[in-house]
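Keep in mind it's a predicted model, so treat the numbers as computed, not measured.
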Amino acid sequence: MSITDVLSAADIAAALEECQDPDSFNHKKFFETSGLSKMSASQVKDIFRFIDNDQSGYLDEEELKFFLQKFESGARVLTSSETKSLLEAADNDGDGKIGADDDY
């Protein structure tokens with residue numbers, strides 16, 4: 001599966017453009033611009049599985065650091081503060097990772 005099988009390449013490029021500078025990543029804005037916020041729960045789970053490197057069913061801080069690179073290999077890594085912010089926003093049960101069934 002390629003990310004562009006479910007999201008528009010133009011929307012992904014626009015979302016990445018908005019957060020190319022360090023500490024400029026805003027997960028709500030990225031999800032909206034890329035089209036993630038308009039996807040069904042099942043489509044979001046497909047994207048989740050694509051991002052979940054070790055297929056554990058969870059995204060931890062290390063995997064989230066490379067979140068943008070899953071959309072484009074040349075994208076930057078998230079800063080520590082961006083990674084923590086994304087994790088805190090989606091970690092509904094406080095276990096330090098995002099599960100496939102957590103709300104994003």
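- Between Leu16 and Glu72, the shortest heavy-atom distance links the atoms CD1-CB, 3.4 Å.
- Remark: side-chain polar atoms of Thr4 are not paired, donor with acceptor, to backbone N or O of Leu7 under 3.5 angstrom.
- Between the side chain of Thr33 and the backbone N or O of Lys29, at least one donor-acceptor pair lies under 3.5 Å.
- By the criterion of side-chain heavy atoms lying less than 4.5 angstrom apart, applied directly or through intervening Ile, Leu, Val, Met, Phe, Trp or Tyr residues, Leu87 is grouped together with Ile51 in one hydrophobic cluster.
- Across Leu36 and Val44, no two heavy atoms sit closer than the pair O-CG2, 4.0 Å.
- To the nearest 0.5 Å, the span separating OG on Ser42 from NZ on Lys45 amounts to 8.5 Å.
- Few gaps surround CD on Glu18; more than 12 heavy atoms of other groups in view lie less than 6.0 Å from it.
- Between Met39 and Ile47 the shortest heavy-atom distance is CE-CG1, 3.9 Å.
- Hydrophobic clustering (ILVMFWY, side-chain heavy atoms < 4.5 Å, transitive): Leu86 and Ile3 are in one cluster.
- Relative ring orientation between Phe71 and Phe30 is described as perpendicular, the plane-to-plane angle rising above 60° on a 0-90° scale split at 30° and 60°.
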For a side chain to side chain donor-acceptor pair (under 3.5 Å) check, start with the C-alpha distance between Thr79 and Asp23, then their side-chain angles and the critical distance, and finish with the verdict.
CA-CA 6 Å; Thr79 65; Asp23 292 317; 2.6 Å; yes

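- Rounded to the nearest 0.5 Å, atoms CG (Leu59) and NZ (Lys70) are 10.0 Å apart.
- Atom OG in Ser34 sits 12.0 Å away from atom NE2 in His27 (nearest 0.5 Å).
- Between the OG atom in Ser73 and the CG atom in Leu68 there is a gap of 12.0 Å [rounded to 0.5 Å].
- Looking at heavy atoms from C-beta onward, Cys19 lies out of side-chain contact with Asn26 at the 4.5 angstrom threshold.
- With respect to Arg49 and Asp52, no salt bridge is recorded, no charged nitrogen being found less than 4.0 Å from a carboxylate O.
- Pairs passing the salt bridge (Lys or Arg N to Asp or Glu O under 4.0 Å) check and including a residue from residues 55-68, sequence neighbours excluded, read Glu61-Lys84, Glu62-Lys65.
- Residue Phe66 is not grouped with residue Phe25 when hydrophobic side chains (ILVMFWY) are merged at heavy-atom distances under 4.5 angstrom, including chains of intermediate members.
- One hydrophobic cluster, built from ILVMFWY side chains closer than 4.5 Å, holds both Phe48 and Phe50.
- In terms of modelled atom types and a separation under 3.5 Å, the side chain of Asp91 and the main chain of Gly94 share a donor-acceptor contact.
- The number of heavy atoms from other shown groups lying within 6.0 Å of OH (Tyr58) does not exceed 12.
- Contact record, Glu82 with Arg76: OE2-NH2, 2.7 Å, taken as the closest heavy-atom pair.
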